[in-house]
Amino acid sequence: MQSINTVRADFPFLTQTMNGHPLIYLDNAATTQKPWPVLQALRQYYTQENVNVHRGGYARAAATTAEYEGVRMQVARLINASSAREIVFTKGTTEALNWAAFGGAVSLKPQDEILVTVMEHHSNLVPWQILAARTGAVLRFVELTTAGTLDWVDFQRKLSTRTRVVAVSAASNVLGTVNPVAAIARTAHEVGALVVVDAAQAIGHMPVDVQKWGADFVAFSGHKMLGPTGIGVLWGQRAVLERMHPLEYGGEMISAVTRNETTFKEVPWCFEGGTQNIAGVIGLGKAIRYLEQQGIATIQAREQRLAARLAAGLRALPQVTVYGPVSGEQRNGVVAFNVGSLHAHDVATVLDAQGTAVRAGHHCAQVLMDHLGVPGTVRASVAFYNTTAEVDALITQVERTEAFFKKHGMG
Ligand code: PMP
């Protein structure tokens with residue numbers, strides 16, 4: 001990786017102030033910032049390359065189509081997919097997971113079971129809840145250990161021949177827990193279940209190898225990996241994608257249309273109906289190139305180091321509770337905490353006044369909040385462009401917050 005100052009110079013967002021202080025951006029789990037190569041690519045696309053893809057018989061259209069399809073190959077290489085045809089562009093993780101649930105790759109009957117975990121983001125929970133309600137299937141939850149990791153014994157206990165789907169996050173957006181996806185997929189496949197992985201908090205933060213994972217579907221968003229908003233990916237095993245039906249019908253995804261009948265393009269193009277987010281795809285390609293230049297393993301090591309420092313610093317404060325596993329290996333860059341009995345929003349407001357951006361609330365994981373017995377948490381999430389000084393500043397700010405509220409008889 002380049003020096004931290006060189007890296008930070010690539011992210012114009014980071015040079016701002018907030019409430020009169022230099023901005024400390026620690027909300028990277030919500031969305032990451034975009035480096036110049038991504039921003040310049042968006043400008044370049046709209047100023048020089050703005051034509052529709054897969055149509056138009058002129059040179060520019062062919063060039064932009066080649067660029068668009070080139071990014072599909074880049075994504076395939078990034079996640080070690082066996083073919084670019086296993087890459088479906090979506091709006092983001094949410095859309096990808098909805099397609100996995102409602103695309104018909106799995107058909108459920110009453111009493112079939114869908115197994116999710118208590119730590120799932122609503123995106124990897126609500127679609128399964130709805131699918132269960134529609135089909136009469138039963139939604140079951142794998143519990144967590146007191147350390148905030150997936151309870152493997154409970155997983156094995158709940159997995160049975162009735163289990164048709166196992167839906168799990170590769171990394172939690174609250175606890176920072178990294179789940180053993182390959183072992184989960186192998187075990188779930190022994191009972192013939194479809195394995196769906198929410199990789200929103202893994203992609204760009206750790207090596208993702210879909211062949212090593214061996215799942216059926218993997219979903220992620222471009223905006224959480226330095227790319228633009230409105231673009232994401234559903235990776236599916238080719239045979240599984242062949243079983244899926246499109247969720248949108250119309251232009252572009254067809255092969256031939258007569259008055260009474262339509263034939264469709266092949267996988268994955270049959271899923272990309274209508275004009276796609278071409279700028280988003282091109283920006284995503286530049287984001288992938290940037291991440292690869294920095295080195296994903298290097299990024300992971302740096303983020304784990306920063307998160308470990310932050311978690312340890314916060315844990316050392318008497319009133320602070322930090323959630324999630326302690327060990328660096330099983331963690332990503334997300335650190336959720338509470339300060340005494342203070343409301344998470346109050347803490348975030350005090351931090352905001354000092355220029356620090358963190359998120360407070362349930363983080364789209366209300367089942368997990370229930371499990372933790374709290375209405376919400378504060379969440380700081382690092383990226384490789386954060387500095388040790390920023391992390392230390394947050395620890396000091398939290399310490400001051402704690403002291404301030406204590407002095408005023410609160411918390
Ligand atoms: N899953 C996880 C674990 C997430 O963190 C998020 C985003 N917070 C999502 C899914 C949803 O991603 P998107 O909003 O980009 O669809």
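Whatever order the structure lists them in is the order used to number ligands and atoms, beginning at 1. Numbering starts at 1 and runs along the sequence shown.
- The 12-atom threshold is exceeded at NZ of Lys265, counting heavy atoms of other residues, nucleotides or ligands nearer than 6.0 Å.
- Of the N and O atoms on the side chains of Asp216 and His189, at least one donor lies less than 3.5 Å from an acceptor on the other residue.
- Short contacts between ligand 1 and Gln201, defined as distances under 4.0 Å to a heavy atom of the residue, involve ligand atoms 3 (C), 4 (C), 5 (O).
- Looking only at heavy atoms of the protein, atom 14 (O) of ligand 1 is closest to Thr94 OG1, 3.8 Å.
- When non-hydrogen atoms are compared, ligand 1 lies under 4.0 Å from the side chain of Lys224 (C-beta onward) but not from its backbone.
- Glu69 and His54 are linked by a side-chain donor-acceptor pair at a separation below 3.5 angstrom, with hydrogens and angles left out of the test.
- Put simply, the side chain of Asn338 never gets that close to the backbone of Thr321: no donor and acceptor are under 3.5 Å apart.
- Distance alone, capped at 3.5 Å, places no donor-acceptor pair between the Ser221 side chain and the Gly92 backbone.
- Counting only heavy atoms of the protein, atom 4 (C) of ligand 1 lies nearest to His121 CD2, 3.3 Å.
- Atoms of ligand 1 found under 4.0 Å from any heavy atom of Ser221, numbered from 1 in the order shown, are 12 (O), 13 (P), 15 (O), 16 (O).
- The residue Ser169 has no part lying near ligand 1, judged by heavy-atom distances below 4.0 Å.
- If you check each of Thr229, Asp198, Asn173 against atom 2 (C) of ligand 1, the one with the closest non-hydrogen atom is Asp198.
- Residue contacts with ligand 1, taken as heavy atom pairs separated by less than 4.0 Å, involve His223 solely via side-chain atoms from C-beta onward.
- Using a 30° and 60° split on the angle between ring planes, Phe384 and Phe11 fall in the perpendicular class, above 60°.
- For atom 11 (C) of ligand 1, the closest non-hydrogen atom of the protein is Ser123 OG, 3.5 Å.
- Using a 3.5 Å distance cut-off with no hydrogens or angles, the side chains of Asp198 and Asn124 do not pair a donor with an acceptor.
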